[in-house]
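See below for the structure under consideration.
What you see is a predicted model; the values in this text were computed from it and never measured.
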Amino acid sequence: MGEAANGDILQMGFTPAYQCRFRPEGESPENWCLLLEARANGGGIYPVIVLWVNKETYLPVAGEFYARSGKLLKSIVYQEYRTVLGKPVAMKVTIRDGTQPDRYTVMEYIKLVEKSLPPHYHWQLALPLPESLLNPEKMIPGPEST
């Protein structure tokens, strides 16, 4: 893999938490197969990710996300890339459950726009509270209160 490819793959957001290496047995003429393993110091949500990256665009086309036990948790297909605000974005993403492959979610982005939020919106205390916390009288009683 060339310097540009390595740099672009590193910018995908996985590298701070993951160590990346090639899996030649999973490569195809169009895609590289990468194995991303969570670093020992943590930070990675999934201990192991297998990612297929297009050799021409350096964009992910598919991924498999595994638990520490080695069990497949989910697989993802990235499709219909478009340039949005100067960056390639998968406008359609299909996520399949690893244990029940017939269960899946398809996310299709119709319109993406850039919005600014004040810095304090990123604080946990600034998040909106659920209606039940704001108005306890509207809370649904649990089984212990009946």
Requested in this report: Measure the OH-CG distance between Tyr46 and Leu73 for me, rounded to the nearest 0.5 Å.
Outcome: 6.5 Å
Query raised in the report: Is a salt bridge present between Glu64 and Lys74, judged by a nitrogen-to-oxygen distance below 4.0 Å?
Result: no
Query raised in the report: Would you say the side-chain atoms of Arg23 pair up with the backbone N or O of Cys33, donor to acceptor, closer than 3.5 Å?
Result: no
Report task. Answer whether the closest heavy-atom distance between the side chains of Tyr18 and Ile49 falls below 4.5 Å. Result -> yes
**Report entry** Distance, nearest 0.5 Å, that separates CD of Glu108 from CE of Met91
**Finding:** 9.5 Å
**Report entry** Distance, nearest 0.5 Å, that separates CD of Glu37 from CD of Gln19
**Finding:** 7.0 Å
Query raised in the report: What closest approach, in Å, do Gln100 and Asp97 show between heavy atoms, and which atom pair accounts for it?
Result: N-OD1, 2.9 Å
**Report entry** Interatomic spacing from CG in Leu35 to OH in Tyr66 - rounded to 0.5 Å
**Finding:** 9.5 Å
Report task. Report yes if some heavy atom in the side chain of Phe22 is under 4.5 Å from a heavy atom in the side chain of Leu34; otherwise report no. Result -> yes
Query - Residue Glu25 excluded, over 12 heavy atoms near CD under 6.0 Å - result: yes
Query raised in the report: When you measure from the side chain of Trp32 to the backbone N and O of Leu51, does any donor-acceptor pair fall under 3.5 Å?
Result: no
Report task. Could you grab the distance from atom OG1 of Thr99 to atom CG of Leu72, nearest 0.5 Å is fine? Result -> 8.5 Å
Query raised in the report: Judged by atom type as modelled, is there a donor-acceptor pair below 3.5 Å linking the side chain of Ser28 to the main-chain atoms of Asn31?
Result: yes
Query raised in the report: What do the steps show when you test Val106 against Val93 for side-chain contact (heavy atoms from CB on, under 4.5 Å), and what is the final call?
Result: CA-CA 6 Å; Val106 178; Val93 178; over 6 Å; no
